Amino acid sequence: MSAAPNAVGGEPGASRPLLLRALNRVGRAAARPRLDAGALIARAERATGLRDWGDYEFREGLEVLTRSLEQEAQLNTIGRLMLRDYLHRTISNRLLLRRDLLANPQIAQVEIKRPLFIVGLPRTGSTMLQRLLARDPAVRSLQTWEMMHPSPPPEAATYDSDPRIKQVARRLKTLDWMAPDFATAHELVAGEPEECVGLLQTTMATSAYELMARIPSYEQWFDQQDLRKAYADYRAQLQHLQWQHPKDHWVLKSPFHIFGLEALLATFPDAVIVQTHRDPSQVLPSLCSLYSVMHSLTSDHASMTELGPHTLARTSAVNDRTIDLRERIGDARFVDIGYRALISDPLKAVGEIYERFGYDFTPAAQQAMRDWKDANPQHKRGKHQYTLEQFGLTGAAVDRHFARYKERFQQHL
């Protein structure tokens, strides 16, 4: 993915389709839709005909997020419409999930056994690893369509032909048109495994929202939260999805889990963790480039030279917290996989994971993974280009912030 034009001094949003730019210009001269927590809740209740939100309290997070988007993100018209639609769908899913649970209380008894979570900084090969592991017939993965539309609960008999797959595929085509650079950085496919970030966003307590816009007040609020309640809610969503389509174990992935790793481990006592690693000097510009695509879509005022130092400070700090956690609890539940080792021999890396955690690496799983690897070469959707300097960063600054991380995981970088 090439960096967004404003990352290198061009007009913000210049890579957007002409129609989107025209709509933003018209929107600047007209009344634009406001993002308001109360209005979003009322709209979701009208659309679904439901009012029972359950016990989990998501409203504070929604209020902080919408206020931050209104006051700080400098959203353009398209950004407002996109985020209003996204938040409407997200909180409407809460109502629908609650309806399903009340109708089928046995969902709450579903056991989540020995899930495997892939964590680590974005741009470290975690997507490739997730999609490779998901080829194992014994693995339950989370596909894009069921993350976006989890209700009603997916069923094993219709899992591969569910009409929601085509519905989501149409939405993703629109995203490809609106942000053509995004697919190069992270391809979304309706019927393929995807990050479980959407489940986290339903809790309204995740740093994943920072990908969409500049929201410092929400970021500060999130950093003060006890995430155990959010992860309990996340677990309930997995129970819902697994109920009628169970397999041996889940393989789940999100770089944003690293912000809540302690809560995740407390919520899933038998979970195992694969932490992916890559040289931070390569991760940071790639990560900033991903952020720049989204921020430049939702705002005409995204500053890439401000984004770089902020992202550097935030990612290095969370990595230090992860090291603190691992030093405190030990490494028994972790395996570390380096980007270079994963790219050079993916099945060897997978074999190491299976051996470490005692999963059965069957011939069928190995063949399915080889087939997927052959059909999905690296940079299939194009190679994304970026430099540290585009985002106001230097190699020396990255090395300084990640000194402890580089010392701890040097053999995997």
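Excluded from the calculations below are hydrogen atoms, water molecules and symmetry mates; all remaining heavy atoms, backbone and side chain alike, are included. Being a predicted model, the structure only gives us computed values, none of them experimental.
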Quiz item: Which side chain to side chain donor-acceptor pair (under 3.5 Å) pairs, counting each pair once, include a residue from residues 107-119, with sequence neighbours left out?
Solution: none
Pairwise distance [atom1]([X]) to [atom2]([Y]) - rounded to 0.5 angstrom:
X	Y	atom1	atom2	value
His412	Lys406	NE2	NZ	15.0 Å
Glu63	Leu35	CD	CG	13.5 Å
Trp243	Asn104	CH2	CG	3.5 Å
Leu284	Thr387	CG	OG1	12.0 Å
Phe58	Thr203	CZ	OG1	11.0 Å
Glu146	Asp162	CD	CG	9.0 Å

Exercise. List the steps and the verdict of side-chain hydrogen bond (donor to acceptor under 3.5 Å, both in side chains) for Gln282 and Tyr339.
Key: CA-CA 11 Å; Gln282 296 177 316; Tyr339 178 81; over 6 Å; no
Exercise. Report the residues that fulfil side chain to side chain donor-acceptor pair (under 3.5 Å) with Asp100, sequence neighbours left out, ordered by chain and then residue number.
Key: Ser151
Exercise. Describe, in one word, how the ring planes of Trp145 and Tyr159 are oriented to each other, choosing from parallel (under 30°), tilted (30 to 60°) and perpendicular (over 60°).
Key: tilted
Exercise. Return the orientation label for the Tyr218 and Trp221 ring planes: parallel under 30°, perpendicular over 60°, tilted otherwise.
Key: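 Rings of Tyr218 and Trp221: tilted, 30 to 60°.
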Quiz item: Is it true that the NZ or CZ of Arg94 lies under 6.0 Å from the centre of Tyr56's six-membered ring and within 45 degrees of the ring axis?
Solution: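 Negative - Arg94 is either too far from the ring of Tyr56 or too far off its axis.
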Self-check item: Modelled atom types, side-chain donor and acceptor of Tyr354 and Asp136, under 3.5 Å
Solution: yes
Quiz item: Do we see a donor-acceptor contact under 3.5 Å between the side chains of Ser217 and Glu72?
Solution: yes
Does the distance from a Lys or Arg side-chain N to an Asp or Glu carboxylate O, for [X] and [Y], drop under 4.0 Å?
X	Y	value
Asp85	Arg171	yes
Glu194	Arg131	yes
Asp331	Arg408	yes
Asp324	Arg404	yes

Exercise. Could you tell me whether the side chain of Arg333 and the main chain of Pro269 form a donor-acceptor pair under 3.5 Å?
Key: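 Yes; at least one donor-acceptor contact below 3.5 Å.
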Exercise. Apply salt bridge (charged side-chain N to carboxylate O under 4.0 Å, His left out) to the pair Glu192 and Arg135, showing each step before the final yes or no.
Key: CA-CA 10 Å; Glu192 285 286 338; Arg135 282 14 242 188; 3.0 Å; yes
Quiz item: Is the Tyr231 to His257 ring centre distance short of 6.0 Å?
Solution: yes
Practice problem: Verify the ring-centre separation between Phe222 and Tyr209: is it less than 6.0 angstrom? | Solution: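 They do not qualify: ring centres at least 6.0 Å apart.
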Practice problem: Please name the pair of heavy atoms, one in Ala44 and one in Thr48, separated by the smallest distance, quoted to 0.1 Å. | Solution: O-OG1, 2.8 Å
Quiz prompt | pair Lys253-Val274: side-chain heavy atoms closer than 4.5 Å | solution =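 They are not in side-chain contact.
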Self-check item: pair Val283-Phe402: side-chain heavy atoms closer than 4.5 Å
Solution: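 Not in contact.
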Practice problem: Please list all pairs passing the salt bridge (charged side-chain N to carboxylate O under 4.0 Å, His left out) test where one or both residues lie in residues 205-231, with sequence neighbours left out. | Solution: Glu210-Arg314, Glu219-Arg314, Asp223-Arg314, Asp226-Arg228
